[in-house]
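A quick write-up on the structure given underneath.
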Amino acid sequence: MNFSRIILEWYELNKRLLPWRNTNEPYLIWLSEIMLQQTRVAQGIPYYLKFVEAFPEVQDLASASEEKVLKLWQGLGYYSRARNLHATAKIITEKYNGKFPNTYKELLELKGIGDYTASAIASICFNRPEAVVDGNVYRVLARYYGIDLPINSSEGILYFKELAKEIMDTGNIRDYNQGIMEFGALQCTPKNPDCSRCPLQPACIAYTHNKIDVLPVKIKKNKVRNRYFNYLVLLDENNKTLLQQRKGNGIWQNLYEFPLLETEQYIDQGEVTANLKDLVALEEPSEIYLYNENKIVHKLSHQHLHTRFWIITFEANLENGIQLAELHKYPVPVLIADFIKTFKI
DNA sequence: AAGGCGGGGGT
DNA sequence: ACCCCAGCCTT
């Protein structure tokens, strides 16, 4: 039996029932695909359900505020996905009359849709013969065919895409594409795959050559940057505080946070006080203290954020201040959300 | 071609 | 700690 036939049979027996598995509607498939980029299915599901409820159709998403979209996305990470999602919803609504284009090429033009997502939507929704190559597919193909070309090199990306095209089953592209990904997620797992009960085992090069644990090959370049964040949690006489929206490049674009003093190392209370005037145009707090006695190190893929929250009270009234009870309405990074959850005056 | 971009879960 | 996750965009 050939590769694609085995995948299809395995998929029929082992596929999970997922919220987007009972539809081919482009809006719903698109939404799920964007959410699942670099994200585990289990993490994405609750977000998918929230979005479908809040925005049943693409027009609902298009007419929402970016702030509302980001708020619903809060905690899922890679927030450019949410911003691009919103922008593309507007394009679909206004330029495409609410209907997604049905070719790989046109889909690829949309913001946040790259090679993988364009192929996924074109095949799943429109039965187009396009090959999907995600992290699962790289792993399955690298092992089954014994390919040690780095999956994240330019050469590797082209090679695996071509290979995927050659072996795909165009007769049932919908199930085949979802099947090979599901196979990678559940059977051909990154660590400790159970090869003893794998239907591809007899012809798997990695298995027969004992190279399961070295394939796929990936060039790694994980350098962690240490940053030191001092968040100024201002409190005025009416228990109002200040939030700012992050702008420009970098992490958490368009999300909110407390006024931030970033430094090269940990700093003490005196240094925080000295910077108050420049940062928030305020001086002489009536009280200032470090909120978190224990170290907070918020870890992103490439950054460790050594964070201190300073509580700073004033006998004054903050213009543009926000009541503490209103903080939960703003889209914030998990680091800030965790603080708000535990913060008691 | 390389780097940046989150957060969570598994080992 | 390190790796990976239904990747994409910018430089």
Side-chain angles (χ1 to χ4, degrees), chain A residues 11 15-16 18-21 29-48 70 73-85 87-88 107-121 123-124 130-140 150-158 160-161 164 174 176-186 188-193 213-214 216-225 227 246 248-255 297-305 331-338:
Chain A
Y11 181 58
K15 67 176 173 186
R16 292 168 288 185
L18 302 176
W20 48 85
R21 278 263 159 87
I29 298 300
W30 165 69
L31 186 58
S32 71
E33 293 297 347
I34 300 298
M35 288 181 166
L36 293 180
Q37 289 168 1
Q38 292 292 286
T39 305
R40 291 178 184 280
V41 166
Q43 190 185 2
I45 287 177
Y47 287 86
Y48 174 83
L70 284 173
W73 198 273
Q74 178 178 312
L76 196 54
Y78 284 158
Y79 297 94
S80 66
R81 291 184 293 170
R83 300 191 300 271
N84 288 334
L85 185 85
T88 290
L107 288 162
L108 196 56
E109 301 293 318
L110 298 167
K111 283 187 181 178
I113 296 183
D115 174 75
Y116 163 76
T117 306
S119 301
I121 297 173
S123 61
I124 296 171
E130 303 288 349
V132 294
V133 184
D134 73 336
N136 294 306
V137 176
Y138 279 123
R139 187 169 54 256
V140 172
I151 61 172
N152 56 342
S153 65
S154 298
E155 191 184 355
I157 291 169
L158 287 173
F160 281 97
K161 180 75 179 182
R174 291 187 164 106
Y176 171 77
N177 272 348
Q178 294 180 80
I180 189 172
M181 292 190 284
E182 192 85 329
F183 185 84
L186 300 182
C188 195
T189 50
K191 303 289 182 188
N192 307 320
D213 55 343
V214 297
V217 173
K218 192 173 185 178
I219 304 165
K220 65 168 191 279
K221 45 207 167 184
N222 205 10
K223 270 182 290 185
V224 173
R225 174 158 75 119
R227 303 176 72 178
R246 280 188 81 95
N249 297 321
I251 58 175
W252 303 331
Q253 199 178 334
N254 290 8
L255 273 65
V297 184
H298 189 72
K299 294 177 178 177
L300 309 179
S301 298
H302 298 281
Q303 301 183 22
H304 286 186
L305 308 177
V332 297
V334 166
L335 173 61
I336 302 297
D338 286 347

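These figures come from a predicted structure and were not determined experimentally. Throughout, a chain's letter reflects where its sequence line sits, starting with A, and its residues are numbered from 1.
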Looking for any heavy atom pair under 4.0 Å, which part of the strands does [X] touch: base, sugar-phosphate only, or nothing?
{"X": "A:Trp20", "result": "base"}
{"X": "A:Arg21", "result": "base"}
{"X": "A:Asn177", "result": "nothing"}
{"X": "A:Val137", "result": "nothing"}

Mind calculating the distance between [atom1] ([X]) and [atom2] ([N]) to the nearest angstrom?
{"X": "A:Tyr116", "N": "C:dG7", "atom1": "OH", "atom2": "C1'", "result": "9 Å"}
{"X": "A:Asn84", "N": "C:dC8", "atom1": "CG", "atom2": "P", "result": "11 Å"}
{"X": "A:Ile157", "N": "C:dC8", "atom1": "CD1", "atom2": "C1'", "result": "11 Å"}
{"X": "A:Ile180", "N": "C:dA6", "atom1": "CD1", "atom2": "C1'", "result": "12 Å"}
{"X": "A:Asp213", "N": "C:dC2", "atom1": "CG", "atom2": "C1'", "result": "16 Å"}
{"X": "A:Arg174", "N": "C:dA6", "atom1": "CZ", "atom2": "C1'", "result": "17 Å"}
{"X": "A:His304", "N": "C:dC2", "atom1": "NE2", "atom2": "C1'", "result": "10 Å"}
{"X": "A:Tyr47", "N": "C:dC5", "atom1": "OH", "atom2": "C1'", "result": "15 Å"}

Under 4.0 angstrom between A:Thr117 side-chain N/O and C:dA6 OP1 or OP2: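 Answer no for this pair, as no side-chain N or O of A:Thr117 is under 4.0 Å from OP1 or OP2.
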Stems where DNA chain B pairs, listed by first number, each of three or more Watson-Crick or G-U pairs under 3.5 Å: B:1-5 with C:7-11, B:7-11 with C:1-5
Candidate list A:Asp134, A:Leu186, A:Val140, test side-chain contact (heavy atoms from CB on, under 4.5 Å), partner A:Met181, passing option: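 Of all the options given, the one that passes is A:Asp134.
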From A:Trp73, A:Tyr48, A:Tyr78, residue fulfilling side-chain contact (heavy atoms from CB on, under 4.5 Å) relative to A:Ile34: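 Between A:Ile34 and the candidates, side-chain contact (heavy atoms from CB on, under 4.5 Å) is satisfied uniquely by A:Trp73.
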Of A:Met181 and A:Leu108, the one whose closest DNA chain C nucleotide lies more 5': A:Met181
Which residue lies more 5' along DNA chain C, comparing A:Val224 with A:Asn136 via nearest heavy atoms: A:Val224
In whole Å, measure the gap between the [atom1] atoms of [N] and [M] for me.
{"N": "B:dG9", "M": "C:dC8", "atom1": "P", "value": "24 Å"}
{"N": "B:dC5", "M": "C:dC4", "atom1": "C1'", "value": "16 Å"}
{"N": "C:dC3", "M": "B:dG3", "atom1": "P", "value": "16 Å"}

Does [X] reach the side chain of [Y], with side-chain heavy atoms less than 4.5 Å apart?
{"X": "A:Arg246", "Y": "A:Leu255", "answer": "no"}
{"X": "A:His302", "Y": "A:Leu300", "answer": "no"}
{"X": "A:Leu335", "Y": "A:Trp252", "answer": "yes"}
{"X": "A:Lys161", "Y": "A:Ser119", "answer": "yes"}

Criterion side chain to side chain donor-acceptor pair (under 3.5 Å) on A:Gln178 and A:Arg21, from CA distance to verdict: CA-CA 10 Å; A:Gln178 294 180 80; A:Arg21 278 263 159 87; 3.2 Å; yes
Under 3.5 Å side-chain donor-acceptor pair for A:Gln37 and A:Tyr116: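 No pair is found: no donor N or O on one side chain lies under 3.5 Å from an acceptor on the other.
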Separation between CD1 of A:Ile124 and CH2 of A:Trp30, rounded to the nearest 0.5 Å: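 Rounded to the nearest 0.5 Å, the CD1-CH2 separation comes out at 15.0 Å.
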Inter-residue atom distance A:Asn136.CG - A:Ile180.CD1, 0.5 Å rounding: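 It is 9.0 Å, given to the nearest 0.5 Å.
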Protein-to-nucleotide contact annotation, 5' to 3' order, nucleotides 1-11 of chain B [B base; S sugar-phosphate only; - none; under 4.0 Å, heavy atom]: S-S-BBBB--S
